[in-house]
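One structure below.
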Amino acid sequence: MSHDKLPTDQPAVVTCGLPYANGSLHVGHLRTYVAGDLYSRALRRVGQQTAFVCGSDMHGTPVAVNAAREGVEPREFALEFHEQYRERFPQFNIEFDNYGHTDDETNTELTQEFVESWIDQDHIVEKEIQVAWDAEIEEPLPDRYVEGTCPYCGEKARGDECDEGCQRHLEPGEIENPTSVTTGNPAEYRTREHKFLRLSDFQEYLQGFLDRLEGTENARNQPREWIEGTLEDLCITRDMDWGIDYPGDDREDLVLYVWVDAPIEYVASTKQYAERAADYDWEQVWKVDGEEAHGTSWDDEWTDDSGEIVHIIGRDIIQHHCVFWPAMLRGAGYNEPRSVLATGFVGIDGKALSTSRNRAVWAEEYLDEGFHPDLFRYYIATGSGLENDVDFSWDRFAERVNGELVGNIGNFCYRALLFAQRNYDGTPDADVSDEVHERIEDAVDRFETAVAEYDVRDLGQIAVDLADFGNEYIQRHEPWNLVDDDPEQAAQVIRDCVQLTKACALLMQPVMPEKAAALWAQLDEDGAVDEPELDAALATPPADFGEPAELFTKVESETIEVLNEKLRERVAEASADDEEESDEESDDAVELDALEDGRIGFEQFQDIDMRVGEITAAEPIEDADELVRLEVDIGLETRQVVAGLKQLHDVDELPGTRVILLANMEKAELFGYESNGMVLAAGDEADLLTTHEDAALGTRVR
RNA sequence: AGCGGGAUGGGAUAGCCAGGAGAUUCCGGCGGGCUCAUAACCCGCAGACCGGUGGUUCAAAUCCACCUCCCGCUACCA
């Protein structure tokens, strides 16, 4: 039996992967939450009863370790981040119906119920395994926190994997001379008894589950190897005291593995929401037609009798959501996820985001720049397909905001409403043309299809595409001429444009809720923009409304220059710190960019005008950490160039240096100085290119 | 190593599951137009043998096989 198309009559829950209470949020995290928020709003838009829930992931070794390092209790440490997230999400218009955390009472109780259920159903086995311990402080160590020597290649290795040498996976106890990463104390392996969830009980069930699973393809395909191979038992306990106690075992310091209580927070958070929302039945969503149904098989009828569970996660945690989690649910007699949407990664300026290297754009930072959250939401949701990687760069951000939001949808709505208000005090009394009527219907259809197909990107794009049509339509009919020539026709065209604007407001609401509300208010519509059904896109707008305001503000290129510079400096600082710390591998371990695949023709090369020049003057630019203002004599003329050399060269020694100048580089303005050309230099150290003989100044470089 | 994903005009991105006329859109380039609108908007042009090699088919960016290069996953970090 196949699923009913979304929307269905059953309640739905949309969840996002839990943020781990161990650090601040950056644009990479935000992608998942924006997608979840957008999708849950879209589901409601098409009439699906939906809860959007999440919570902070509080337990686990890293929290315990970092808390200890700061000398605070793990709970206190994690709660601090929890509070930070809880405030941060709404600032991006990410509005969970419930945002809990894994250490709260609801989740603790529910998690223990799950485990008890597995015990009752005989899915738990006990086994003795080798666990690493810090021998001096008497603390257990995950293998990830153990380092030593690889028994195969002799390289330095981590306890679970020879990460720098032969890449081999290491079994617990294999590594030689083990020590603790955090304390440096010697580590030893001890035999401990632990509890395991017998995943093989669910092997057949999981195969069927994957066949039924909707969402992105990667979520279905990636776990296949595991599910069709041998499923190992999953160790669900840890030797530590930070976490949820394993029920029915007196042993102190035995808690559940965080990946047990973390996904259960999805259920707990839904339950907390239902306690406030009387019409929302959490059991109808999470259980099988509202009841627990035990066993290891699946009855296809249950699929349509139960609610719709939609998980949105990063693609690094697919196995947890498509193997462990459904087995956990089934083991407790619960419903299964209908779909898993696994998002690609977010890169920064074409490279991988890295918090350790500070190559990241932080959530707080974005807000501090004063950018509206809806701009980021649009950018990140429509930048590429959900399962593909997407790159964040300030340049691209400005380009897309200015082109697609300011120039296209913002401009269209503003010109349409302004024209209508000035000439008709609101919506002119005329009928919508067939063409526009159809166009809006198509957009509504496209919206409904995108919801059914989990096409987050398209959901974000529809309103902008409709506005794109609007601009073409208004241009084609030139109502500014018609007002005198053919008033009746003019009224009809403007009526069309106002209708298109109204449709835009409704259709853009999931991706840009605040901007949609503003537009809705400009139309002087009653109620909130997220209340009406989608077909309200064709309902007549108010006959009177006031003067509209511009919806979006242009991002200035000066702003972007400064942001780029900040990011560059930060990354440079972080890598400089790195080098100081790791004294061995500094100079010769320069990371080289891969060679470009694409070849360029001689003609293209001819377009590049490089000249021999000589620096005649150099002075540091105030307030800029790296920038230097140069005057470069290139024979024909002397150019002013701004270059990032301050920290790397002695500025006083620069005059007299012969350099190669890219003469037909676009002009740019940096810190108020025009830069007319670009001095060529190699790498992060800015090793200047020069000539070795005495080519005349101004000689072209070929 | 195994598995999964990717490679599309100068840059970015869609299309691929359900194969079919000129391959989408945005930025950039060139040439026009308009003036209601935020120097915005509209129209036109140039530019891609859809990573490579084979195969299936009347027809392949799309399906199949092999290859190259990138990225991710591989269970006791989350």
Side-chain angles (χ1 to χ4, degrees), chain A residues 17-22 57 59-63 65 129-132 140-145 158-161 167-169 171-172 194 196 199 216-226 228-229 231-239 257-259 262 315-320 323-324 342 344-345 347 350 352 382-385 387-391 393 395-396 399-400 402-404 406-408 410-420 422-423 457-458 461 464-465 468 470-476 478-481 483 494 497 550-554 594-595 597-598 600 604 607:
Chain A
L18 271 37
Y20 192 57
N22 191 31
D57 187 3
H59 300 135
T61 310
V63 164
V65 167
I129 54 165
Q130 296 283 303
V131 178
L141 283 165
D143 278 326
R144 192 66 177 271
Y145 284 75
R158 234 167 42 195
D160 55 347
E161 167 190 48
Q167 304 289 316
R168 217 179 294 241
H169 172 78
E171 288 298 318
H194 277 279
F196 289 77
L199 287 179
T216 53
E217 240 176 288
N218 49 6
R220 244 184 328 279
N221 294 337
Q222 203 178 89
R224 278 247 138 77
E225 184 189 18
W226 283 25
E228 284 161 15
L231 276 172
E232 292 170 28
D233 297 338
L234 177 68
C235 183
I236 57 165
T237 47
R238 292 292 180 275
D239 293 297
Y257 177 36
V258 297
W259 272 112
R315 75 165 138 114
D316 50 340
I317 50 173
I318 288 175
Q319 322 288 5
H320 300 90
V323 181
F324 304 158
F345 296 126
T382 62
S384 79
E387 56 195 304
N388 297 328
D389 293 351
V390 64
D391 193 56
S393 83
D395 288 318
R396 186 85 181 123
E399 190 179 291
R400 296 200 56 212
N402 292 344
E404 294 164 43
V406 178
N408 190 339
N411 183 238
F412 171 69
C413 294
Y414 182 60
R415 73 200 289 207
L417 295 190
L418 190 65
F419 202 102
R422 281 187 186 162
N423 292 279
R457 178 183 199 269
D458 214 41
Q461 199 61 51
V464 173
D465 288 353
D468 193 35
N471 274 318
E472 187 262 316
Y473 185 81
I474 195 169
Q475 189 73 33
R476 176 157 36 102
E478 303 188 341
W480 45 92
N481 292 330
V483 171
I494 293 305
C497 291
E550 292 151 358
L551 264 191
F552 299 99
T553 320
K554 205 166 182 180
L595 291 172
D597 285 339
I600 64 168
Q604 260 173 280
D607 293 342

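To find a chain, count down the sequence lines: A is the first, B the second, and so on, and within it residues start at 1.
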Residue closer to the 5' end of RNA chain B, A:Arg396 versus A:Ile317 (nearest nucleotide): A:Arg396
Strictly under 3.5 Å: I want the nitrogen or oxygen pairs between protein and nucleotides 41-46 of chain B, one per line.
from	atom 1	to	atom 2	distance (Å)
B:rC41	O2'	A:Arg415	NH1	3.0
B:rC41	O2	A:Gln475	OE1	3.4
B:rC42	OP1	A:Asp468	OD1	3.4

Does A:Arg220 come within less than 4.0 Å of A:Glu217, counting only side-chain N to carboxylate O? no
Under 4.0 angstrom, heavy atoms only, what part of the nucleic acid is A:Leu417 near: base, sugar-phosphate, or nothing? nothing
To the nearest Å, how far apart are A:Asp458 CG and B:rU25 C1'? 12 Å
State, with a plain yes or no, whether a side-chain heavy atom of A:Gln461 is found less than 4.5 Å away from one of A:Glu404. yes
Run the salt bridge (Lys or Arg N to Asp or Glu O under 4.0 Å) test against A:Arg415 and tell me which residues pass, sequence neighbours left out. none
B:rG33 C1' sits how many Å from A:Asn481 CG, rounded? 13 Å
Checking all strands, does A:Ile318 fall into the base, sugar-phosphate, or nothing category for heavy-atom contacts under 4.0 angstrom? nothing
For B:rC77, does OP1 or OP2 lie under 4.0 Å from any side-chain N or O of A:Tyr145? no
Can you tell me the distance, in whole Å, between the CD atom of A:Glu478 and the C1' atom of B:rA37? 14 Å
Using the C1' atom as the point on both nucleotides, what is the distance between B:rA60 and B:rA23, in whole Å? 13 Å
With rounding to the closest Å, how many angstrom separate the C1' atoms on B:rU8 and B:rC26? 15 Å
Rounded off to whole Å, could you give me the OH-to-P distance for the A:Tyr20 and B:rC77 pair? 11 Å
Between the protein and nucleotides 65-68 of chain B, list every N/O to N/O distance that falls short of 3.5 Å.
none

What integer number of Å spans the P atoms of B:rC69 and B:rG32? 48 Å
Is A:Phe345 touching bases, backbone alone, or none of the nucleic acid, heavy atoms closer than 4.0 Å? sugar-phosphate
Have a look at A:Phe552 and say if it touches a base, only the backbone sugar-phosphate, or nothing, with a 4.0 Å heavy-atom cut-off. base
Checking the side chain of A:Tyr20 only, and the main-chain atoms of A:His59 only, is there a donor and an acceptor separated by less than 3.5 Å? yes
Could you summarise the pairing of RNA chain B as dot-bracket text, marking Watson-Crick and G-U pairs under 3.5 Å with ( ) or [ ] inside the strand and | across strands? (((((((..(((.......[....))).(((((.......))))).....(((((..]....))))))))))))....
Who passes salt bridge (Lys or Arg N to Asp or Glu O under 4.0 Å) against A:Glu472, sequence neighbours left out? A:Arg476
Looking at every strand, decide which applies to A:Gly344 at a 4.0 Å heavy-atom threshold: base, sugar-phosphate, or nothing. nothing
Among B:rU35, B:rC36, B:rU38, the one nearest A:Phe419 by side-chain distance: B:rC36
Record whether the side chain of A:Trp259 comes under 3.5 Å of the base of B:rA78 through a donor-acceptor pair of N or O atoms. yes
Return no unless some side-chain N or O of A:Arg422 is found under 4.0 Å from OP1 or OP2 of B:rA37. yes
Have A:Arg400 and A:Thr382 got a donor and an acceptor in their side chains that come within less than 3.5 Å? yes
Would you mind classifying the nucleic acid contact of A:Pro62 as base, sugar-phosphate or nothing, using non-hydrogen atoms under 4.0 angstrom? sugar-phosphate
With the criterion being N/O to N/O and under 3.5 Å, what pairs connect the protein with nucleotides 3-6 of chain B, and how long is each?
from	atom 1	to	atom 2	distance (Å)
B:rG5	OP1	A:Asn221	ND2	2.8

Output yes if the stacking criterion (under 5.5 Å between centres, under 30° between planes) is met for A:Tyr414 over the base of B:rA37, else no. no
Ring-on-base stacking between A:Trp480 and B:rC36, under 5.5 Å between centres and under 30° between planes: is it there? yes
Counting the atoms with a prime plus P, OP1 and OP2 as sugar-phosphate, which does A:Leu234 contact under 4.0 Å by heavy atoms, base, sugar-phosphate, or nothing? nothing
Over all strands shown, is A:Glu404 touching base, sugar-phosphate only, or nothing at heavy-atom distances under 4.0 angstrom? sugar-phosphate
The side chain of A:Val258 is closest to which nucleotide in this list: B:rC71, B:rA78, B:rA40? B:rA78
Sugar-phosphate only, base, or nothing, as touched by A:Arg457 at under 4.0 Å among non-hydrogen atoms: sugar-phosphate
To the nearest angstrom, the CG-P distance between A:Leu551 and B:rA37 comes to 16 Å
For A:His320, which contact category applies under a 4.0 Å heavy-atom criterion: base, sugar-phosphate, or nothing? base
